[in-house]
Number of protein chains: 2
Amino acid sequence: MDRSGAPYTPQTAAADVEATLLILEGRWKLLILFHLFDGSLRRFSDLERAIPAVSQKMLIQQLRQLETDGVVRRVVHHQVPPKVEYGLTDWGRALCPALDAILVWAAKREGG
Amino acid sequence: MDRSGAPYTPQTAAADVEATLLILEGRWKLLILFHLFDGSLRRFSDLERAIPAVSQKMLIQQLRQLETDGVVRRVVHHQVPPKVEYGLTDWGRALCPALDAILVWAAKREGG
DNA sequence: CAGCATCCGGAGCGATACTG
DNA sequence: CAGTATCGCTCCGGATGCTG
């Protein structure tokens, strides 16, 4: 996103937010991010088990998009059987406060 | 969500998060919430203009769902021509820290 | 102005089978 | 284990027109 020296207006701000939301958008992305929240590396099959409702196809698709968008990194261990782990990038880790805030909000549902 | 005295386990936590994310899920919901972020009341046509890419149908649908889920409140002014305003509920306002955190994150994209 | 009803094309997604 | 490929259907969501 080349904003080189352009003035910061509510319009550009809105466009940025919109672009950013596109990254988070997707039926499973936030859920996936919550499982990587603690900074740990998780295997593909781990995530599959952690989110039973997601299909293999969707899981890999959403992971790929998150990877392309620079939120998630993919660590391939060249061995048999194959082992691939997923974790947050530095920028992805910067999302933690936001995820945490959502967590706090979720907790307020029952508590009132 | 009836969690009356049930033990708080990672599983129930995950379920809660999942349920909460369902509320935020939807192509336009977060965007709508950002426009109500400052606590102001916005008319239907205001939101339409603020989010040009959303169709009338989608806008009303997402607003209804947010209303049903208790995040947004609908204020009807009985007059002609009709006037309906939308704003955050108390619980919706509790989302602000999370929205703010996302805003901060979005700002980090260009800054590096 | 605010919102509902209807039509309809295409994206999204699950299920299944197959590969390295 | 970690994917890819293909099929088939659901339903999302845009366009249009109508109502109070």
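Letters A, B, ... mirror the listed sequences (proteins, then strands); counts begin at 1. Just so it is clear, the structure is predicted and the values come from calculations on it, not from any experiment.
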Practice prompt. Please confirm whether the backbone N or O of A:P97 pairs with a side-chain atom of A:D100, one donor and one acceptor, at under 3.5 Å?
Written response: no
Discussion item. Using a 3.5 Å distance criterion without hydrogens, assess whether the side chain of A:R73 forms a donor-acceptor pair with backbone atoms of A:L88.
Written reply: yes
Fill in: Between P of D:dC1 and CG of A:D46, the distance in whole Å
10 Å
Worksheet entry | Minimum side-chain heavy-atom gap B:W28-B:Q62 below 4.5 Å | yes
Worksheet item: Which residues within residues 81-89 of chain A lie with some heavy atom under 4.0 Å of an atom in DNA chain C?
Response: A:P82
Practice prompt. Please answer whether the main-chain N or O of A:S40 pairs with a side-chain N or O of A:D38 as donor and acceptor at a distance below 3.5 Å.
Written response: yes
Worksheet item: Can you tell me if A:R42 and A:Y86 form a side-chain donor-acceptor pair at under 3.5 Å?
Response: no
Fill in: Salt bridge B:E25-A:R27, side-chain N to carboxylate O under 4.0 Å
yes
Discussion item. Any non-hydrogen side-chain atom of B:F44 less than 4.5 Å from a side-chain atom of B:Q56?
Written reply: yes
Practice prompt. Report yes if a side-chain nitrogen or oxygen of A:R42 is closer than 4.0 Å to either non-bridging phosphate oxygen (OP1 or OP2) of D:dC1; otherwise report no.
Written response: no
Discussion item. Expressed as a whole number of angstroms, how long is the span from B:E48:CD to C:dA2:P?
Written reply: 8 Å
Discussion item. Output the rounded distance in Å from CZ (B:F44) to C1' (C:dC4).
Written reply: 11 Å
Practice prompt. Could you tell me whether the side chain of B:V84 reaches within less than 4.5 Å of the side chain of B:V75, counting heavy atoms only?
Written response: no
Discussion item. Could you check whether any side-chain N or O of A:T89 sits under 3.5 Å from a backbone N or O of A:G70, counting only pairs where one atom can act as donor and the other as acceptor?
Written reply: yes
Worksheet, complete the sentence: B:I60 atom CD1 is separated from D:dT16 atom C1', nearest whole Å, by 18 Å
Practice prompt. Please state whether the phosphate of D:dA2, meaning OP1 or OP2, lies under 4.0 angstrom from any side-chain nitrogen or oxygen of A:R43.
Written response: yes
Worksheet entry | Integer-rounded Å distance: C:dG3 C1' and B:L47 CG | 14 Å
Worksheet item: Does a side-chain N or O from A:R64 land closer than 4.0 Å to OP1 or OP2 of D:dA2, or not?
Response: no
Discussion item. Just the rounded figure in Å: distance from C1' of C:dA2 to CD of B:Q56.
Written reply: 7 Å
Shorter than 3.5 Å, N or O on both sides, protein versus nucleotides 6-13 of chain C: list them out with atom names.
from: C:dC13; atom 1: N4; to: A:K57; atom 2: NZ; distance (Å): 3.4

Worksheet item: Expressed in angstrom and rounded to an integer, what is the separation of B:Q65 atom CD from C:dG3 atom C1'?
Response: 16 Å
Discussion item. Distance check needed: D:dC1 C1' versus A:R49 CZ, whole Å only.
Written reply: 10 Å
